Amino acid sequence: VYVVVGQKRESINDRVAKILTLRSSFDKMILVSVGNGHVNDENIMIKPFPNPFGILRLMGLQKLKKNLDKYFFFPSRNILYVKAVQKKLKKNILNDLKKGKKVSLLTCLPPHDLALIGLFIKRQFPETYWIVDWQDLWSYDENYFQRVPQLYRERLLRLEKEVLDNCDMNVTTNLSAKEVLEKRYDAPSWSVVSINHHFYREDLLESTVEVDHFSEDKKNRIVRIGFLGTLFKPPRVPGAKVLKAIDCVIDSGINIELHVYGGASEDARKSLKRLRNEGVCLHGKTSHIESLRRIARCEFLFLVLADLPNCRAVMSIKLPHYLLLERPVLAIVPERSAVTDVIRETGSGYVIPAGCDWGHGLKKVLQDYLNGKNLPERNNKAIEAYSWENISKQWMEVFSGAWK
């Protein structure tokens, strides 16, 4: 099994990291990632081909370089990595097949350019079993599709259709995304499965969580709210709108702090200053275990998605980890969405419809809580469905398709 990602080995997300723990079930499971060209039995690190426009950056012409990259490379400059992977994998897979091995290829998207690797290998070696893990959809997601120049969008849609027509199995992160691939993109239902993001219970043990005992005096204490990830990621996560909602709550007399563990770009820091927001603390990126340890000390956990079509088909990778921490979730998300379904099914928190006034909705939930209203009742049986113990079985079922 070759697991192809577009990041460095140390930057892969927890979904991919846990898939790699299934190595013992196969003759070999090899991670293909960005790196310095190092190769061993478990990892192939591949250097992208040189970018001829790199000289422009050294000359201080970064803006020109960015525009040339945008229009010269399709679908993006990631193609320099994609082409290097294609060259390496063609040789490796040919040797595997000559030895009588059954070969599976898992491409983990985004970046969506990686789909070109699977398409290339599938054409070269039709007997290869190709699985696409759509962690985010492509043209359906405004965050990705709008980055593509208008000149290339029709071409991208044709490419996307080729991927769906040629891969052996599509994996999505939830049933809503599965429905999008089937109904909007005409993917056969037998070729699409839904495998949710997971939590891993041992992570909580490793993180040695310090549990805070919150004061019974709810009205006079500061309510700490934790957020994992990038707060400023428009259009999906409009950080400026979140900050205005936080200000609205503080102005109403409720003492809250939003603690962000994750992306803290310069734009995010500038927005904080511009919006006079004093209730948000940006802590920057930490390790997965350290993030769990820190965020578990918050009273609530926060999740936000704008009221956009694709946001209804997104299963946030942070949500199962929130379920593990047993803190109530404050979710500003579309009323009809995958995240709403999970929170209501598991009784893990509150849904504030993203189409409504965010500040008013957040203020009402917190005011009810501070006035003594009971928290939602957690459904532990439903929550357990998101444990790695259960999710790993679904992944093994997908890989078994190569042996049938």
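Since the model is a prediction, treat every value here as computed from it, not as a measurement. Numbers here are sequence positions counted from 1.
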Assess the residue pair W388 and W395 against the criterion (side chain to side chain contact (heavy atoms under 4.5 Å, CB included)); give the C-alpha distance rounded to whole Å, side-chain angles, the decisive distance to 0.1 Å, and a yes or no. CA-CA 10 Å; W388 176 244; W395 275 111; 3.9 Å; yes
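- The two residues C311 and L305 make their nearest non-hydrogen contact at O-CD1, 3.8 Å.
- Taking 4.5 Å as the limit, every side-chain heavy atom of V237 sits out of range of all side-chain heavy atoms of T230.
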Listed pairs under 3.5 Å, donor-acceptor, residues 155-162 side chains, sequence neighbours left out:
unit_1	atom_1	unit_2	atom_2	d
E160	OE1	S139	OG	2.6
E160	OE2	S139	N	3.1
E160	OE2	S139	OG	3.3
K161	NZ	D165	OD2	2.9
E162	OE1	R123	NH2	2.1

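- For residues 73-85, the salt bridge (charged side-chain N to carboxylate O under 4.0 Å, His left out) pairs, not counting sequence neighbours, are D69-R77.
- For the pair N196 and N174, the minimum side-chain heavy-atom distance is below 4.5 Å.
- Closest approach of I225 to L301, counting heavy atoms only: CG2-C, 4.4 Å.
- Each side chain to side chain donor-acceptor pair (under 3.5 Å) pair with one or both residues in residues 329-341, not counting sequence neighbours, appears once here: E335-R344, S337-T340.
- Aromatic pair H197/H321: ring centres not closer than 6.0 Å.
- Looking only at side-chain heavy atoms (C-beta outward), V1 and F399 come within less than 4.5 Å of each other.
- K364 pairs by the salt bridge (charged side-chain N to carboxylate O under 4.0 Å, His left out) definition with D368, not counting sequence neighbours.
- Within a 6.0 Å sphere centred on CD of E389, other residues, nucleotides and ligands contribute 12 heavy atoms or fewer.
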Listed pairs under 3.5 Å, donor-acceptor, residues 109-119 side chains, sequence neighbours left out:
unit_1	atom_1	unit_2	atom_2	d
H112	NE2	D136	O	2.9
H112	NE2	L137	O	3.1
D113	OD1	N78	ND2	3.4
D113	OD2	S76	N	3.1
D113	OD2	S76	OG	2.8

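- Among residues two or more places apart in sequence or in another chain, the salt bridge (charged side-chain N to carboxylate O under 4.0 Å, His left out) test is passed with K18 by D14.
- Under the 3.5 Å distance criterion, with hydrogens and angles disregarded, a donor-acceptor pair is assigned to the side chains of D203 and H288.
- At a threshold of 4.5 Å between non-hydrogen side-chain atoms, the residues Y386 and V342 count as touching.
- The closest side-chain heavy-atom distance from L228 to I295 is below 4.5 Å.
- A donor and an acceptor atom, one from each side chain of Q135 and D133, are located under 3.5 Å apart.
- H259 and E257 share a side-chain donor-acceptor pair at under 3.5 Å.
- Looking at Y261 and R293, their side chains never come closer than 4.5 Å, going by heavy atoms from C-beta outward.
- Judged by distance alone, the side chains of S176 and E179 never bring a donor and an acceptor atom under 3.5 Å apart.
- F302 is not listed as a side-chain neighbour of V329, based on a closest heavy-atom distance of 4.5 Å or more.
- Y369 has its side chain within reach of E299: a pair of non-hydrogen atoms, C-beta onward, lies under 4.5 Å apart.
- Seen from the ring of F145, R153 counts as a face-on cation partner, given the 6.0 Å and 45° thresholds.
- Under the 6.0 Å distance and 45° angle rule, K241 counts as a cation-pi partner of W358.
- For the residue pair W134 / N170, a side-chain donor-acceptor distance below 3.5 Å is found, with atom types taken as modelled.
- Atom CD of E10 is surrounded by more than 12 heavy atoms from other residues, nucleotides or ligands within 6.0 Å.
- Ring pair F72/F53: centre-to-centre distance below 6.0 Å.
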